**Student:** 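What follows is a single structure, and I will ask about it in a moment.
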Amino acid sequence: MSEETPSGAAPADRRGGTVTAEAERELGDAMSQLSTAPAEDDGRSAAGRGSFGGARRPGAGGALAWTGRETLGWTRWFWRQLTSMRVALILLFLLSLAAIPGSVIPQSAVDAVQVREFKERHELLAPLYEKLQLFDVYTSVWFSAIYILLFVSLAGCIVPRSWQFVGQLRARPPRAPRRLDRMPAYTTWRTDAPPEEVLRDARTVLGRKRFRVHAEDAAVASEKGYLREAGNLLFHIALIVLLLAFAAGQLFKAEGGKLVIVGDGFSNTLTQYDDFSSGSLFSPADLDAFGFRLDGFDATFEKSGPNKGSVRTAEADVTWWKGAEGTERKSTIRVNHPLEVGNSKVYLLANGYAPVVTVRDGQGDIAYRGPVAFLPQDGNLTSSGVIKVTDYRDAEGKRDQLGFRGFFVPTFGGSGAGTMFSQSPELEYPVLFLTAYHGDLGLDAGIPQNVYQLDTDNMKQFTDEDGGPFAQKILPGESMKLPDGAGTLTFDGVKRWANFQIAHQVGNGWALAGALAAIAGLAGSLFIQRRRVWVRAARDAGGLTVVEMAGLGRSDSPRLPEELGDLAADLQRTADPVDTAGDGGDTGTGDAPGGAGESGPAAGGDPTRAGGTTASGEPDTDTAADTDAAPDAGTATGPEKADAERGAGQLSRGEAE
């Protein structure tokens, strides 16, 4: 792309002339394959702008052929648009926007209870949200469409660019342009060293700097920075890996919760879970075969300060095994330190207390004995729960069912505290408050019910002598006697329980690898510059060797002139500049080359012309007649002086593009 001057004319080159079509072509050749980005082309023929079918011939055959060309053209156009970077960025932005409702609206896969409560509170919005699938955002049709289109866009962009990049790695660096002085970074000087020796030393210097070097036609072409495009491709490939890993994680995931009392165990089967959810492609056969037993649980709490009562440490000591006959192993599960078995992780989520009770029926027989988990209601572990006794006979020997409902407090404040809530989560003064019912628990109907709730619709509450509801406070070791000899409940002690979440996760390793690769690729594409350097050496009419060096990068960067200056300085250690100021021509001095932006013979005026010859040593008919009158570098005026002051090292974005 040419750069216009303020007057609208074509840009001037270093000699004050105009950049011709040939010069533009040279620049285009020099910049060829600096990027694997596909050239944008709408694919429409010049004869049929606005139509992919072109001219339509008469008759049914012509109409059919035109329709085929039109369909194929629009298909190719749609594919080019879909695989363009612009559309990929738009899709990535849309995916970010589409994820917002999933974070602010309750999701059925995460918390069905919150979804139900939301529907009850918003009777008008709930039906609309359901139609838009806002309660299942990440499995909705529109979210999946964006996700799949982004995946196809990235894949369609990467595949052709990868082949192009492989071709670039196998290809040689492009040959040196005929006019190196038109490159954005340029320097030149004269030396006594033979051209062959200069080119040989140039290959050595460039090779030492890890440039790919190729010598041809009295010039050396080199290229460096391939890792920039490799990083770009790696970044896009890593995004695809991330998308695949996240998709696999959603489709094959499974997670469930299980409350385990100390002394009890868990086996990783569906029937053992208290609650369970899975992805659409998950199968129960995908569950890892393992189990564990909760041997003990220990927790410490803050005793003072603003965080009084909050958990400091929580540790669950377990014995676990893999497979039906696996060797038992000991482990400790802590918060954020799960037990990992295969693709499954066992997380510690919560803890609480389980009062141990013994219930005797009206005949004096044990109807129930064991711990019952009570669920915490506050930070001090004031807990509520129910006890259900199905195998029970009353004082007359009739079959019946019992139900107890109440609270457990680990630290009771005493009768003078004015509250029944616990004063601390520590087990210091445990008390159990219960009231009793008898009748039908509703378990025989086959309808699932919450084990932590008591359905009293078909039950009758026991009453005391005054006719009021029967309730009692009991301490460990004490018993609660039911009215009319209906039986007793003894508070034997307290056990701890822990709530675990078992998550079956796949693709986490791939997601981590993809994220790390994306970071590495992005860093490479941002901080590595793709550039090319050419060196030409040829005899002039005076017998000296004119050395030209030029650099070209994919984008403007101050490092390119600096790097060219460093390379020129290294080359000048063997190809010393010769001071020819007294000859009236352009001179090369021992100063730093003009590629770094300094003025002087190496950067100013016309460095390829000296004594009426070009850099190749052939006569220059344009200036041969003016050789004697040409000003030297110290007295350069007009355009030559302006060029010298600017320096050849400054980048010209317009020329480079």
Side-chain angles (χ1 to χ4, degrees), residues 13-15 17 19-35 168 170-191 193-226 529-540 544-554 560-561 563-568 570-572 574-575 586 588 593-595 602-603 606-610 613-618 620 648-649 651-652 655-657:
D13 66 358
R14 295 180 185 275
R15 302 187 181 208
V19 176
T20 62
E22 181 184 358
E24 291 283 356
R25 186 171 59 254
E26 285 187 2
L27 284 174
D29 294 340
M31 293 193 67
S32 63
Q33 295 186 345
L34 270 176
S35 170
Q168 291 181 21
R170 300 176 60 183
R172 296 174 177 177
R175 62 190 298 272
R178 187 176 61 86
R179 294 283 302 276
L180 289 179
D181 58 327
R182 288 198 173 103
M183 295 297 104
Y186 173 79
T187 185
T188 183
W189 71 92
R190 289 174 172 80
T191 180
E196 297 78 8
E197 182 179 337
V198 173
L199 295 177
R200 185 181 65 251
D201 294 339
R203 291 195 298 269
T204 302
V205 169
L206 293 170
R208 193 164 53 241
K209 298 294 185 179
R210 299 190 301 277
F211 278 82
R212 291 182 60 197
V213 181
H214 176 66
E216 185 180 9
D217 297 336
V220 174
S222 63
E223 191 167 7
K224 188 178 181 181
Y226 287 91
Q529 184 187 16
R530 184 86 174 268
R531 63 272 196 200
R532 290 168 177 168
V533 174
W534 295 276
V535 181
R536 176 178 287 128
R539 292 283 188 183
D540 63 4
L544 297 178
T545 299
V546 179
V547 183
E548 292 182 284
M549 293 188 69
L552 179 65
R554 179 180 175 184
L560 178 62
E563 184 175 25
L564 185 68
D566 294 338
L567 292 172
D570 291 341
L571 184 58
Q572 286 179 0
T574 55
D586 290 339
D606 182 2
T608 62
R609 302 189 182 191
T613 62
T614 64
S616 61
E618 299 177 356
D620 188 341
L651 292 175
S652 173
E655 290 183 5
E657 292 183 349

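Please read these numbers as outputs of a predicted model, since none were measured by experiment.
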**Student:** Got a sec, which residues hit side-chain contact (heavy atoms from CB on, under 4.5 Å) with Arg208, two or more places apart in sequence or on another chain?
**Tutor:** Thr204, Val205

**Student:** Mind checking what makes side-chain contact (heavy atoms from CB on, under 4.5 Å) contact with Ala219, not counting sequence neighbours?
**Tutor:** Ala176, Arg536

**Student:** With rounding to the nearest 0.5 Å, note down the distance linking CE in Met549 to CD in Gln572.
**Tutor:** 9.0 Å

**Student:** Check Ala185 against Pro561 and note the closest heavy-atom contact, atom names and distance.
**Tutor:** CB-CA, 4.3 Å

**Student:** Give me the one residue out of His214, Arg530, Arg212 that meets side-chain hydrogen bond (donor to acceptor under 3.5 Å, both in side chains) with Glu223.
**Tutor:** Arg530

**Student:** Could you pull out all residues at least two apart from Arg203 that satisfy side-chain hydrogen bond (donor to acceptor under 3.5 Å, both in side chains)?
**Tutor:** none

**Student:** Kindly compute the distance separating CG (Asp570) from CG (Leu206), expressed to the nearest 0.5 Å.
**Tutor:** 9.5 Å

**Student:** For Glu196, which residues count as a side-chain contact (heavy atoms from CB on, under 4.5 Å) partner, sequence neighbours excluded?
**Tutor:** Pro194

**Student:** Would you call Leu564 and Val533 a side-chain contact if the rule is heavy atoms closer than 4.5 Å?
**Tutor:** yes

**Student:** Are Lys209 and Glu563 close enough for a salt bridge, meaning some N to O gap below 4.0 Å?
**Tutor:** no

**Student:** Applying side-chain contact (heavy atoms from CB on, under 4.5 Å) to Val547 and Arg190, what does each step give before you reach the verdict?
**Tutor:** CA-CA 6 Å; Val547 183; Arg190 289 174 172 80; over 6 Å; no

**Student:** Any non-hydrogen side-chain atom of Arg182 less than 4.5 Å from a side-chain atom of Pro177?
**Tutor:** no

**Student:** Roughly how far, to the nearest 0.5 Å, is CG of Leu571 from CG of Leu199?
**Tutor:** 9.0 Å

**Student:** Kindly say whether Phe211 contributes a backbone atom to a donor-acceptor pair with the side chain of Ser222 at under 3.5 angstrom?
**Tutor:** no

**Student:** For the atom pair CH2 (Trp534) and CZ (Arg175), what is the distance rounded to the nearest 0.5 Å?
**Tutor:** 11.0 Å

**Student:** Under the side-chain contact (heavy atoms from CB on, under 4.5 Å) rule, collect the residues that match up with Pro195, sequence neighbours excluded.
**Tutor:** Ala537, Arg539, Thr545

**Student:** In the structure I gave you, are the side-chain heavy atoms of Pro184 and Leu552 within less than 4.5 Å of one another anywhere?
**Tutor:** yes

**Student:** Taking side-chain hydrogen bond (donor to acceptor under 3.5 Å, both in side chains) as the definition, give me every residue that meets it alongside Thr574, ordered by chain and number, with sequence neighbours left out.
**Tutor:** Asp201

**Student:** Kindly say whether Glu548 contributes a backbone atom to a donor-acceptor pair with the side chain of Trp189 at under 3.5 angstrom?
**Tutor:** no

**Student:** Under the side-chain contact (heavy atoms from CB on, under 4.5 Å) criterion, do Val546 and Thr188 qualify, and how do the steps go?
**Tutor:** CA-CA 7 Å; Val546 179; Thr188 183; 3.8 Å; yes

**Student:** What heavy-atom pair brings Leu560 and Gly553 nearest, and what distance separates the two atoms?
**Tutor:** CD2-N, 3.4 Å

